[in-house]
Amino acid sequence: MNGKNLLLIYATLRSNFGFQNWWPAETNDEMAIGAILTQNTSWKNVEKAIKSLRESGLLSLKNLSKASIAKIRKSVRSSGFYKQKAERLKLFSSYIVLNYGSLEKFFKKSKRPREELLSIKGIGKETADSMLLYAGKMPYFIIDTYTVRVFSRVFGIKEGLAYDKLQEKVHNLLAGNVPLYQDFHAQIVELAKRFCKKKPLCTACPLAKFCAYKAKS
DNA sequence: AACCAGGAGAGAG
DNA sequence: CTCTCTCATGGT
């Protein structure tokens with residue numbers, strides 16, 4: 001794995017799938033809310049929850065921070081883990097609103113935004129990096145389960161490689177390119193959904209000719 | 001009808 | 001530090 005073949009992988013994905021235009025959100029608040037709701041959950045189920053939040057006027061951190069847990073729960077039930085997620089939305093929104101007033105001010109003023117997000121209960125590395133990359137426009141490459149699976153198969157790196165180490169590796173190879181980080185992650189998700197499953201579809205995979213992993217037929 | 005989805009936290013060893 | 005368990009709805 002080096003900068004050159006990493007870019008080749010991206011170029012190949014992009015030419016196959018086209019620009020993905022992630023994250024599908026109208027506002028930064030909506031983006032951050034979606035990041036919490038999609039934890040180990042399919043995006044389709046998240047969309048229903050977001051729609052319900054919008055109809056209840058809860059699709060902003062300010063309103064979420066003022067809403068009751070019971071009301072939030074009703075809107076986010078379709079996204080699964082709804083009790084946890086209602087609490088997480090409440091905690092996160094309250095933290096941002098009380099300490100900074102808005103998400104935009106948080107990104108602008110926080111000295112160590114990633115560490116600060118990680119200190120909030122319910123915000124882990126992937127959720128934090130998603131918010132930083134797509135809402136904050138900051139260069140944090142997201143390492144999700146798909147990224148680990150795709151990179152381990154394509155480049156032969158071990159699946160156990162820790163989040164921060166793999167992220168550091170990518171950061172060193174693709175220095176601070178926000179639009180690239182954004183679309184690359186989206187492309188990886190698209191590839192994983194279509195081809196790089198547990199039962200892989202390598203024969204049809206656009207990365208087959210570069211990939212270290214070969215399916216047993 | 002088992003399996004998985006754009007994870008995180010807590011506890012055990 | 002690395003497993004393992006829990007949280008839970010909805011689509012295939």
Side-chain angles (χ1 to χ4, degrees), chain A residues 10 13-14 17-26 28-53 56 69-70 72-95 114-136 140-154 157-168 170 178 180-201:
Chain A
Y10 172 69
L13 292 173
R14 163 100 184 227
F17 302 142
F19 181 68
Q20 294 294 304
N21 198 26
W22 267 26
W23 190 291
E26 294 179 10
N28 286 336
D29 280 14
E30 179 182 338
M31 185 277 137
I33 290 164
I36 290 173
L37 291 177
T38 197
Q39 291 170 351
N40 199 41
T41 300
S42 66
W43 186 252
K44 269 201 162 162
N45 289 352
V46 175
E47 286 179 319
K48 295 175 187 171
I50 289 179
K51 185 182 176 192
S52 177
L53 285 171
S56 302
I69 292 282
I72 301 172
R73 278 185 180 179
K74 286 181 185 169
S75 283
V76 303
R77 191 175 301 121
S78 66
S79 72
F81 308 125
Y82 68 95
K83 296 177 186 175
Q84 287 186 359
K85 286 177 179 175
E87 186 189 354
R88 289 174 182 183
L89 288 173
K90 181 81 177 173
L91 275 172
F92 171 70
S93 60
S94 300
Y95 180 90
R114 188 171 195 259
E115 288 71 13
E116 204 168 339
L117 288 174
L118 290 176
S119 74
I120 303 170
K121 184 177 171 186
I123 311 296
K125 291 174 181 175
E126 184 183 338
T127 307
D129 287 337
S130 298
M131 293 180 183
L132 292 165
L133 180 61
Y134 291 107
Y140 290 88
F141 196 88
I142 298 166
I143 310 295
D144 65 342
T145 54
Y146 289 152
T147 306
V148 172
R149 186 188 303 163
V150 169
F151 282 5
S152 68
R153 291 195 187 165
V154 173
I157 63 176
K158 50 184 174 182
E159 287 221 31
L161 193 56
Y163 189 110
D164 290 332
K165 294 201 171 184
L166 183 52
Q167 186 184 51
E168 186 185 354
V170 177
V178 170
L180 176 61
Y181 287 8
Q182 289 178 336
D183 195 52
F184 203 161
H185 178 251
Q187 299 291 348
I188 288 169
V189 172
E190 195 60 27
L191 174 80
K193 281 183 178 173
R194 298 199 202 183
F195 303 104
C196 203
K197 300 176 169 271
K198 288 199 171 179
K199 293 170 73 177
L201 302 169

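In this text, all values refer to a predicted model and were calculated from it rather than measured experimentally. Throughout, protein chains are lettered first and strands after them, A, B, ... in sequence-line order, and every chain is numbered starting at 1.
Atom C1' of nucleotide C:dC7 and atom CG of A:L37 are separated by 14 Å, given to the nearest angstrom. Rounded to whole Å, the distance from CZ on A:R73 to C1' on C:dC7 is 12 Å. Straight-line distance from the CZ atom of A:F81 to the C1' atom of C:dC5: 12 Å, rounded to whole Å.
By the ring-ring contact (aromatic ring centres under 6.0 Å, His included) test, A:F184 pairs with A:Y10, A:F141, sequence neighbours left out. Applying the ring-ring contact (aromatic ring centres under 6.0 Å, His included) criterion to A:W23, with sequence neighbours excluded, gives A:W43, A:Y134. Applying the salt bridge (Lys or Arg N to Asp or Glu O under 4.0 Å) rule to A:E126 yields no partners; only residues at least two apart in sequence or on another chain are considered.
Looking at A:T41 and A:K85, their side chains do bring a donor and an acceptor atom within 3.5 Å of each other. In the model, A:Q39 has a side-chain atom that pairs as donor or acceptor with a side-chain atom of A:R88 under 3.5 Å.
Here A:S130 lies out of heavy-atom contact (under 4.0 Å) with every strand. At the heavy-atom level, A:Q84 lies under 4.0 Å from base atoms of the strands shown. At a threshold of 4.0 angstrom between heavy atoms, the contacts of A:I142 with the nucleic acid are absent.
A:R153 has its side chain within reach of A:P200: a pair of non-hydrogen atoms, C-beta onward, lies under 4.5 Å apart. Taking the side chain as every heavy atom from C-beta outward, A:L53 and A:L37 approach each other to under 4.5 Å.
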Could you pull out the protein-nucleic contacts involving nucleotides 10-12 of chain C (nitrogen or oxygen on both sides, under 3.5 Å)?
| from | atom 1 | to | atom 2 | distance (Å) |
| --- | --- | --- | --- | --- |
| C:dG10 | O4' | A:N45 | OD1 | 3.2 |
| C:dG10 | O4' | A:N45 | ND2 | 2.9 |
| C:dG11 | OP1 | A:K48 | NZ | 2.6 |

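In terms of position along DNA chain B, the nucleotide closest to A:W22 lies nearer the 5' end than the nucleotide closest to the other residue of the pair A:W22 and A:K121.
Electrostatic pairing of A:D144 and A:K125 does not count as a salt bridge here, judged by no charged N lying under 4.0 Å from a carboxylate O. Comment: A:E190 engages A:R194 in a salt bridge, judged by a side-chain N to carboxylate O separation of less than 4.0 angstrom.
The footprint of chain A on DNA chain B, defined by a heavy-atom cutoff below 4.0 Å, extends from B:dC4 to B:dA10.
C:dA8 and B:dA10 have their P atoms separated by 15 Å, with the value rounded to a whole Å. When the P atom is compared between C:dC5 and B:dC3, the two are found 15 Å apart, to the nearest whole Å. Only the P atoms considered, B:dC4 is 16 Å distant from C:dT4, to the nearest whole Å.
To the nearest 0.5 Å, atom CG of residue A:L133 and atom CD1 of residue A:I142 are 5.0 Å apart. With values rounded to the nearest 0.5 angstrom, A:L13 atom CG is found 9.5 Å from A:Q20 atom CD.
Within residues 192-200 of chain A, no residue has any heavy atom under 4.0 Å from DNA chain C.
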